[in-house]
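A short write-up of the structure that comes next.
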Amino acid sequence: MAGPSPTLAPQERENLAASQDYLQCTSLPEVWAIAARKFANTTAVCDTHRDPEVRMTYGQLHQQMQQFAAGLQSLGIVPSGEAYPTRVALISDNQPRWLVADQGIMLAGAANVVRSAQADVRELLFILKNSEAVALIVEDLALLKKLRSGLDDFALKFIILLSDETPPNDSDRTIYNFSEILALAPNAKLIPHGFDRDQLATLMYTSGTSGMPKGVMLTHGNLIHQLNTASCVLLLNEGDRVMSILPIWHTYERTFEYFIFSRGCTQFYTNIRYVKKDLKEHKPKYMVGVPRLWESIYEGIQKQFRDQPADKQKLVNRFLAASQTYINSKRTLQNLHLDNLNPSFTDKFISAIKLPFFWIFHKIGDKLVYSKIRSGIGNIQYVVSGGGSIADHLEDFFEIIGVEVLGGYGLTETSPITHVRRPWRNLRGSDGQPLMYTETKIVDFDSRQPVGTGKKGIVLLRGPQIMKGYFNNPEATRKAIDSDGWFDSGDLGYITEWGDLVLTGRAKDTIVLSNGENIEPLPIENACLRSPYIDQIMLVGQDQKTIGALIVPNLDELQQWSAQKGYSGDVDLSSKPIQDLFKTELLQRVKDRAGYRPDDRIAGFRLLSEPFTIENGLLTQTLKVRRNVVMEQYAAIINEIFV
């Protein structure tokens, strides 16, 4: 078990000493007020994809927050005096005006209820009802029209569009646009309202891979803990550029944004369509993302490699192989190789001999290849990865090309960060050491008793970032948080002797074969994704003799492979050559995985013509596979695998 106040590394103590501004804050609006004074003339946000382009300084942004809050108060949003502050729903995707509405709601004395504009209408209406929101803020007129027919059952005081579109006439309720709310401010004096750290700041509904979401109650104290302790890990500087691509309603992105704004950074907004262009144009120093994003960038680079002449491909592969040996040797010497955290004298001696030799090839590779890759992605220095496990081959690749990946761990219910890798202890494959005042306990799945260091079990968490509970759901809260304050993450993992958390899977995702063997699907899926022909994969096989797989193939790569083999026409996924190719790929990728066991073998598979997407409901908004939905949709095909 990792204790509540781990010994701080020298760099953490130094970073904390330089980050004292917000330690005494009791609410998020206080954080913004301090940031606005410190960085008044520094550009806070830049969104080049808005028409017109949006660019605001910290001073301008905070002024709009105050105006928005005054407008809300004039419309009757005031402190409720009840157990929880008045709730206002904020349904929008990431944009500068989201920040204005977010903090405007809190400044007015209320708490917000956030969700994506892309979410299913039934889900949004459920959230409105469950949260008991008294007012609604939506991204634009299109979203309002989508929700319109379902709003008749709600006694909303008003609706606000975050756009400047002309509000429609509505006999049942008043509808304002963004500028109209700001225009109310001159005639409405903002009445300051103080919060304490234990008061509700926001309801964040879990994206969930099954069922309707639960309303996670996060307090001001939960979120302030995050930005203060994150400062121990990374000391950002005023004006540092940060790229934002994740949904702001997700706690991972939201907390990171609060952190970077508390340091005076400049945030640039992007999306999947423009991210590669924006990386080159804006050259951010930091970016936060999920494994699927890094996989996409990696695959784009690999495709460029494969499009090169054969002799150049061989040269690149030789450099990559030499660099792989170099980073493995360096990790061993630094005691940062997850598979060998306590290397013997012989291991270190061999690594010390290899290091200078392969360093030469690594440096040549950097000059000829890796520097060009970094230039193509804007020479970004740090990527912070969360929202799921990042595959080993991605860890290796980004380390080779000189981009630091800082993996972290947490859940919506933990605000979200509980663990993160440090730049000075970046143990690839792990999820890092705990943040300050965060406790970690690993318990046996059945007995719930603590297990020893290095032993796998259920991950329990305790600390200032743990949620207040699930809104209006005391039963679910009791199941999640025990009487001693331990939150059951539902994740499987172990702790190293240095306090690093290593996740091995999710309890509910474990596949139990008919012989009683437990299979954790994620590591095997990540190994298979190293194949250029596999775009997405999900393992199946509960109660079967062997495991199987549903695979979304990379059709572009298959078409290229087919042409090279002399096959004409479109790719036929059911053809023997294609089926044999995937059999070979699966066998090789799984067997090459560290820790391979015979039960890991994928005995059968089916190739799917439709990818897993957010739009078809097979991915969450954070790009995780909704395993139960996939199982239900493809039940007949899964049954065929095991016939």
Side-chain angles (χ1 to χ4, degrees), residues 291-292 294-308 310 313-314 316-318 320-321 324 388-397 511 513 519-541 544-612 618 625 627 630 634 637-638 640-642:
R292 185 65 180 159
W294 315 132
E295 181 75 48
S296 173
I297 292 173
Y298 167 83
E299 184 52 42
I301 295 168
Q302 292 297 315
K303 187 178 187 307
Q304 292 178 18
F305 288 163
R306 292 191 291 268
D307 289 342
Q308 297 298 313
Q313 288 188 51
K314 287 181 181 178
V316 169
N317 287 332
R318 284 173 182 163
L320 288 171
Q324 185 70 55
S389 175
I390 183 169
D392 291 343
H393 68 281
L394 299 179
E395 296 264 29
D396 295 344
F397 179 76
I511 298 171
L513 299 180
I519 304 294
E520 302 306 332
L522 192 58
I524 300 174
E525 290 166 350
N526 283 338
C528 294
L529 286 171
R530 299 195 72 159
S531 169
Y533 309 111
I534 297 176
D535 191 44
Q536 294 171 306
I537 183 171
M538 190 187 98
L539 296 191
V540 294
Q544 302 293 335
K545 293 180 181 179
T546 59
I547 55 174
L550 298 175
I551 298 170
V552 177
N554 185 326
L555 294 178
D556 290 339
E557 290 301 321
L558 281 182
Q559 191 70 57
Q560 188 172 331
W561 176 87
S562 184
Q564 289 172 350
K565 295 295 182 181
Y567 302 117
S568 58
D570 294 334
V571 172
D572 180 2
L573 296 180
S574 63
S575 68
K576 188 176 186 302
I578 295 294
Q579 292 288 310
D580 288 344
L581 170 66
F582 277 90
K583 287 178 185 176
T584 302
E585 284 291 307
L586 292 173
L587 180 64
Q588 176 186 332
R589 301 296 174 178
V590 174
K591 289 190 74 171
D592 287 347
R593 188 179 75 86
Y596 166 76
R597 304 174 304 165
D599 284 317
D600 294 344
R601 182 179 65 89
I602 298 174
F605 63 90
R606 288 294 184 271
L607 302 180
L608 307 178
S609 57
E610 181 183 15
F612 306 149
L618 301 182
V625 176
R627 293 180 186 267
V630 174
Y634 291 103
I637 291 176
I638 293 170
E640 290 174 6
I641 294 176
F642 300 105

Can you tell me how far the CG atom of Leu581 sits from the NZ atom of Lys576, to the nearest 0.5 Å? 11.5 Å
Side chain to side chain contact (heavy atoms under 4.5 Å, CB included) for Arg606 and Tyr634? Distances and angles first, verdict last. CA-CA 10 Å; Arg606 288 294 184 271; Tyr634 291 103; over 6 Å; no
Kindly give the heavy-atom pair with the smallest separation between Trp561 and Pro577, and that separation in Å. CH2-O, 3.7 Å
Decide side chain to side chain contact (heavy atoms under 4.5 Å, CB included) for Arg530 and Gln302; before the verdict, give the C-alpha distance in whole Å, the side-chain angles of both, and the deciding distance to 0.1 Å. CA-CA 11 Å; Arg530 299 195 72 159; Gln302 292 297 315; over 6 Å; no
Would you mind reporting whether Phe612 and Met538 have side-chain heavy atoms less than 4.5 Å apart? yes
Please indicate whether Asp307 has more than 12 foreign heavy atoms, meaning atoms of other residues, nucleotides or ligands, lying under 6.0 Å from its CG. yes
Least distance between heavy atoms, Gly541 atom then Ile511 atom: C-CG2, 3.5 Å
Just wondering, do Asp392 and Asn526 contact through their side chains at under 4.5 Å, heavy atoms? no
Leu618 versus Val625: any side-chain heavy-atom pair under 4.5 Å? no
Does any part of the side chain of Arg601, heavy atoms only, come nearer than 4.5 Å to the side chain of Val590, both counted from C-beta? no
Is Ser562 reaching over with its side chain to a backbone N or O of Leu558, donor-acceptor style, under 3.5 angstrom? no
With a 4.0 Å cut-off on N to O distance, would you call Glu525 and Arg627 a salt bridge? yes
Looking at every heavy atom in both Cys528 and Ile602, which two are closest together, and how far apart are they? SG-CD1, 3.8 Å
Of all the heavy-atom pairs spanning Leu573 and Pro553, show the shortest one and how long it is. CD2-CG, 3.9 Å
Is any side-chain heavy atom of Arg593 less than 4.5 Å from a side-chain heavy atom of Asp600? yes
Do Val540 and Val630 come close enough that some side-chain heavy atom pair is under 4.5 Å? no
Report, as yes or no, whether the 6.0 Å neighbourhood of atom CZ on Arg306 holds more than 12 heavy atoms from other residues, nucleotides or ligands. yes
Please report the C-alpha distance between Ile641 and Gln544 in whole Å, then the side-chain angles of each, then the deciding distance to 0.1 Å, and finally whether the side chain to side chain contact (heavy atoms under 4.5 Å, CB included) criterion is met. CA-CA 10 Å; Ile641 294 176; Gln544 302 293 335; over 6 Å; no
When every non-hydrogen atom of Gln559 is compared with those of Gly569, the smallest separation belongs to NE2-O, 3.2 Å
Hey, does Asp535 have a side-chain heavy atom less than 4.5 Å from the side chain of Glu557? no
Separation of Ile537 CD1 from Leu607 CG (nearest 0.5 Å): 10.0 Å
Please check if the side chain of Gln313 supplies one atom and the backbone of Gln308 the other of a donor-acceptor pair under 3.5 Å. yes
Using the test side chain to side chain contact (heavy atoms under 4.5 Å, CB included), find all partners of Asp396 that sit at least two apart in sequence or belong to another chain. Gln324, Ile327, Arg331
Leu539 CG to Ile519 CD1 distance, which is reported to the nearest 0.5 Å: 9.0 Å
Rounded to the nearest 0.5 angstrom, the CG-CG distance for Asp592 and Leu587 is 9.0 Å
Begin from the C-alpha positions of Ile547 and Asp599 and carry the test side chain to side chain contact (heavy atoms under 4.5 Å, CB included) through to its verdict. CA-CA 8 Å; Ile547 55 174; Asp599 284 317; over 6 Å; no
Non-hydrogen atoms of Glu585 and Pro532 that approach each other most closely: OE1-CD, 4.2 Å
How many angstroms lie between OH in Tyr567 and CD1 in Ile578, if you round to the nearest 0.5 Å? 8.0 Å
Please state whether the rings of Phe605 and Phe582 are parallel, tilted or perpendicular, taking 30° and 60° as the class boundaries. tilted
How about Ile638 and Leu550: do any of their side-chain heavy atoms sit closer than 4.5 Å? yes
